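Here's the structure, in structure tokens; my notes come after.
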Amino acid sequence: MTMTAWCSKVFQWRPGTEILKKVTVKEASTVSAVVPRQQGGYVVAAGRHFGTLDIETGEMIRLAEIDKHKTENRFNDGKCDANGRFWAGTMGPEKVPTKPELEQGTLYSLDKDHNVRCHFDKVSISNGIAWNSDNTIMYFIDTPLNRVDAFHFDLEQGTIGNRRTVVTFPDGSGFPDGMCIDADGMLWVAMYFGSVIYRVDPLTGTIIRNIDLPVSCPTSCCFGGENFDVLYVTSASHFFSEEQLAKEPLAGSVFQVTNLGVTGLPANAYGG
Ligand SMILES: O=C(O)[C@H](O)[C@@H](O)[C@H](O)[C@H](O)CO
Ligand SMILES: [Zn+2]
């Protein structure tokens, strides 16, 4: 049996406590990105909607619909920029992991006034997003391309341009999925099917460090903890057969990696 059902759950955990909150997002087929909101609460990219999430009840209030003419599409990864816009991209139907119908997705941003902007299309699996510390560069991963691209980023206008490739991953190392950036401007990339997080230097395009994981499909990472020196790593179990799950009992867990000697920055919150 292959497990392909999605569960639309959001988990909340505060480091240093034992309290894990878990809520199912109502009326959402999937939920793929959650960001804090400046006025309190959360905003999600769920199915083909941006919406606000009440973490107590799971109630989602839709803010905007995307990909109206591609009803099989869904949102994937997303993150807020330093001006409080929520960037998230979509993908087409995916029967086999990392091999969806190609170039069906679009990268969007949700402005503070809830207006949606479409930045570019022909995305296959819209995934990791990160900005450098002076907000002049936006990094972006379209998973099947097996690379990280960079754009010139205009923080005031919320626009991007001048796309170029900054990192290309060696074949056989998995597929780049979610990503974050550290205080030194280095990227941390979760390699789906690769059992590893790579730290890469976007200036030289080289892999400078790898963190091996006890699961094959890490999906994203971010820095957190009191001093932003703990790397939190999510992983997938979706698409796994029972046999695979038995081999990888930790698949689907969230991990913390400590003592890295590296710090990250707090996540930006949605400003609308
Ligand atoms: O973060 C994730 O879980 C992944 O991006 C998935 O959503 C993709 O669909 C794909 O299976 C992996 O490339
Ligand atoms: Zn992802």
Side-chain angles (χ1 to χ4, degrees), residues 2-11 25 28-35 44-50 66-67 70 72-80 86-108 122-130 138-149 167-169 171-181 187-198 200 211 213 215-222 231-241 244-245 248 250-255 267:
T2 308
M3 294 172 62
T4 50
W6 294 92
C7 51
S8 308
K9 285 199 182 77
V10 172
F11 294 77
V25 183
S29 51
T30 60
V31 57
S32 53
V34 55
V35 293
V44 290
R48 289 187 304 102
H49 290 90
F50 283 112
I66 46 78
D67 286 1
K70 291 189 175 179
E72 286 187 282
N73 275 20
R74 67 164 176 91
F75 265 124
N76 200 39
D77 211 345
K79 198 174 275 177
C80 288
F86 184 11
W87 292 67
T90 58
M91 59 187 285
E94 182 189 38
K95 293 207 179 77
V96 178
T98 74
K99 306 215 172 335
E101 273 179 40
L102 296 178
E103 300 189 350
Q104 297 302 308
T106 296
L107 181 69
Y108 295 100
K122 294 196 164 37
V123 181
S124 294
I125 301 182
S126 192
N127 246 322
I129 301 175
M138 184 179 98
Y139 297 102
F140 175 75
I141 290 171
D142 181 354
T143 296
L145 298 178
N146 204 21
R147 60 185 208 222
V148 180
D149 286 354
V167 183
T168 302
F169 295 97
D171 282 341
S173 51
F175 292 86
D177 199 303
M179 132 177 97
C180 69
I181 192 161
L187 301 172
W188 294 74
V189 182
M191 299 300 289
Y192 194 97
F193 285 143
S195 304
V196 70
I197 300 277
Y198 283 145
V200 298
I211 310 295
L213 297 165
V215 289
S216 59
C217 297
T219 50
S220 193
C221 55
C222 70
L231 187 71
Y232 289 93
V233 179
T234 55
S235 68
S237 61
H238 169 243
F239 286 121
F240 275 41
S241 64
Q244 253 173 307
L245 272 178
E248 268 185 52
L250 292 177
S253 306
V254 178
F255 299 89

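No experiment lies behind these values; they were computed from the predicted model shown. Both counts, for ligands and for their atoms, begin at 1 and track the order of listing.
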May I ask you to list the atoms of ligand 1 that are less than 4.0 angstrom from any heavy atom of [X]?
X      : result
Ile125 : 13 (O)
Glu94  : 8 (C), 9 (O), 10 (C), 11 (O)
Asn127 : 5 (O)

What is the closest protein heavy atom to [atom], and at what distance does it sit?
atom                   : result
atom 4 (C) of ligand 1 : Asp177 OD2, 3.0 Å
atom 7 (O) of ligand 1 : Asn76 OD1, 2.7 Å
atom 3 (O) of ligand 1 : Thr219 CG2, 3.3 Å

I'd like to know whether ligand 1 has [X] as a neighbour, heavy-atom separation below 4.0 Å.
X      : value
Lys99  : no
Met91  : yes
Tyr192 : yes

State which residues pass side-chain hydrogen bond (donor to acceptor under 3.5 Å, both in side chains) with Tyr108; sequence neighbours excluded, sorted by chain then number.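 Listed in chain order: Asp67.
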
[X] versus [Y]: any side-chain heavy-atom pair under 4.5 Å?
X      : Y      : result
Phe169 : Val200 : yes
Pro144 : Ile125 : yes
Asp77  : Ile129 : no

Qualifying residue, where the test is side-chain hydrogen bond (donor to acceptor under 3.5 Å, both in side chains) with Thr143 and the options are Asn76, Thr98, Asn127: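 Single pass found, and it is Asn127.
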
Can you sort out the partners of Ser126 under side-chain contact (heavy atoms from CB on, under 4.5 Å), two or more places apart, ordered by chain and number?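 Result, side-chain contact (heavy atoms from CB on, under 4.5 Å) vs Ser126: Leu107, Val123, Phe140.
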
Mind checking side-chain contact (heavy atoms from CB on, under 4.5 Å) for Lys99 and listing every partner two or more places apart, or none if nothing turns up?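 Here the qualifying residues are Val96, Phe175.
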
If you measure every N/O of Thr143 against every N/O of ligand 1, is any gap under 3.5 Å?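 In fact, backbone or side chain, Thr143 has no N or O that close.
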
Strictly distance-based, threshold 3.5 Å: is any side-chain N or O of Thr30 a donor or acceptor partner for the main-chain N or O of Gly47?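 Between the backbone of Gly47 and the side chain of Thr30 there is a qualifying donor-acceptor contact (under 3.5 Å).
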
For the side chain of Ser235 and the backbone of Gly252, is there at least one donor-acceptor N/O pair under 3.5 Å apart?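 Yes; at least one donor-acceptor contact below 3.5 Å.
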
Derivation and outcome, side chain to side chain donor-acceptor pair (under 3.5 Å), residues Thr219 and Thr234: CA-CA 5 Å; Thr219 50; Thr234 55; 2.7 Å; yes

Please report how many protein N/O/S atoms lie under 2.8 Å from the Zn ion (ligand 2).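 For the Zn ion (ligand 2), the figure is 2.
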
Nearest heavy atoms of Cys180 and Cys222, plus distance in Å: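 In terms of heavy atoms, the two residues are closest at SG-CA, 3.8 Å.
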
